[in-house]
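Here's the structure we're looking at; comments come further down.
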Amino acid sequence: MDTAPPSSAGELTYRDAVEADVPALVPLIESAYRGDASRAGWTTEADLLDGQRTDPEGVREVIAKPGSRLLTVERDGELIACCQLEHRGDAAYFGMFAVRPELQGAGLGRRIIAEAERTVREEWGVREMHMTVISVREELIAWYERRGYRRTGRLSPFPYGDERFGIPQRADLAFELLVKELP
């Protein structure tokens, strides 16, 4: 059996997630953020949070919620990434962004976020993309800034005590709103 990661060649295909995708999506999302597997990539939160990033119920909720979609990204029929898109009036929310850790750093994230922005602009006619990022994730925030997102300084509290979002390893976690105007 070949266990090598998929090559960087091959066309990316995008589609909305369905219920049958949940068993593959949960480990993908977990692998990008938590545990030792996440350390293969650069988006890990393993030093900030233990526990889970999501669970099957959370993923199902995103798939089923009106005005929400979980965009899956496949290469050669294999799930390699996903992101949540939610229509919120004049803006769209971008979240739950996960790229397989061993594929990070090769430009996939840049391509996927551009496709997500195109999708929400064309399908929902929104003028802005919003996201929240843990405010101490300076490297990740800098990556989004290079893609045109700006820090707003608007913080919302981390849900301490709700282990559905992880077990914090620090007392100073908060989410910062990042915004990008879409042409």
Side-chain angles (χ1 to χ4, degrees), residues 3 5-6 12-65 67-88 92-117 119-120 129-137 139-141 143-144 147 149 156 158-160 162-169 173 175-178:
T3 58
L12 296 183
T13 57
Y14 301 86
R15 65 175 176 81
D16 288 343
V18 295
E19 171 72 26
D21 294 317
V22 172
L25 285 164
V26 172
L28 167 68
I29 295 162
E30 290 295 312
S31 74
Y33 291 94
R34 305 287 163 77
D36 288 337
S38 70
R39 295 180 194 283
W42 69 275
T43 62
T44 184
E45 296 174 344
D47 295 327
L48 302 174
L49 297 155
D50 282 334
Q52 69 179 29
R53 168 62 171 80
T54 193
D55 55 27
E57 293 76 29
V59 173
R60 281 187 194 97
E61 186 177 306
V62 171
I63 292 171
K65 184 176 182 181
S68 175
R69 2 177 6 180
L70 189 55
L71 192 64
T72 64
V73 184
E74 296 175 334
R75 177 184 285 144
D76 300 326
E78 187 171 357
L79 179 66
I80 61 167
C82 68
C83 64
Q84 171 191 8
L85 302 173
E86 187 175 315
H87 191 188
R88 296 182 178 176
Y93 177 79
F94 178 85
M96 209 177 275
F97 189 25
V99 174
R100 284 183 36 188
E102 69 273 17
L103 300 177
Q104 293 176 14
L108 281 172
R110 184 177 324 117
R111 290 173 61 191
I112 294 165
I113 199 167
E115 176 64 15
E117 292 166 357
T119 297
V120 300
M129 183 80 92
H130 294 185
M131 70 175 71
T132 54
V133 178
I134 295 174
S135 61
V136 298
R137 306 266 337 263
E139 183 181 9
L140 182 58
I141 291 171
W143 186 86
Y144 284 119
R147 293 223 138 69
Y149 288 81
S156 55
F158 186 86
Y160 284 91
D162 188 343
E163 292 188 9
R164 291 178 303 154
F165 300 98
I167 303 167
Q169 302 303 297
L173 300 181
F175 293 108
E176 182 170 358
L177 176 66
L178 306 183

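Any value given below was found using the heavy atoms of this structure, including those in side chains, with hydrogens, waters and symmetry copies removed. Along the sequence shown, residues carry numbers from 1.
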Can you name the residues that form a side chain to side chain contact (heavy atoms under 4.5 Å, CB included) with Glu57, not counting sequence neighbours? Asp55, Arg60
Evaluate the side-chain proximity of Leu28 to Thr72: yes if any heavy-atom separation is below 4.5 Å, no if none is. no
Is Leu85 close to Met129 at the side-chain level, that is, under 4.5 Å between some pair of heavy atoms? yes
Contact summary for [X] and [Y], nearest pair of heavy atoms:
| X | Y | value |
| --- | --- | --- |
| Ile29 | Ala98 | CA-CB, 3.8 Å |
| Leu173 | Leu48 | CD1-O, 4.0 Å |
| Leu25 | Ala17 | CD1-CB, 3.7 Å |

Reported [atom1]-to-[atom2] distance for the pair [X] and [Y], which is rounded to 0.5 angstrom:
| X | Y | atom1 | atom2 | answer |
| --- | --- | --- | --- | --- |
| Arg69 | Asp16 | CZ | CG | 4.0 Å |
| Trp143 | Arg137 | CH2 | CZ | 11.5 Å |
| Ile80 | Arg75 | CD1 | CZ | 4.5 Å |

When you check the side-chain N and O atoms of Glu102 and Gln104, is any donor under 3.5 Å from an acceptor? no
Report the C-alpha distance between Thr132 and Tyr93 in whole Å, list the side-chain angles of each, state the deciding distance to 0.1 Å, and finish with yes or no for side-chain contact (heavy atoms from CB on, under 4.5 Å). CA-CA 9 Å; Thr132 54; Tyr93 177 79; 3.0 Å; yes
Residues in ring-ring contact (aromatic ring centres under 6.0 Å, His included) with His87, at least two apart? Trp124
Salt bridge (charged side-chain N to carboxylate O under 4.0 Å, His left out) against Arg53, all qualifying residues, sequence neighbours excluded: none
Before giving the answer on side-chain contact (heavy atoms from CB on, under 4.5 Å), spell out for Leu12 and Glu74 the whole-Å C-alpha distance, their side-chain angles and the decisive distance to 0.1 Å. CA-CA 6 Å; Leu12 296 183; Glu74 296 175 334; over 6 Å; no
Begin with the C-alpha distance, continue with both residues' side-chain angles, and end with the deciding distance and a verdict on side-chain contact (heavy atoms from CB on, under 4.5 Å) for Ile112 and Tyr14. CA-CA 9 Å; Ile112 294 165; Tyr14 301 86; 4.1 Å; yes
Measure from the ring center of Phe175 to the ring center of Phe158 and say whether it is less than 6.0 Å. yes
Show your working on salt bridge (charged side-chain N to carboxylate O under 4.0 Å, His left out) between Glu115 and Arg110 and close with a plain yes or no. CA-CA 9 Å; Glu115 176 64 15; Arg110 184 177 324 117; over 6 Å; no
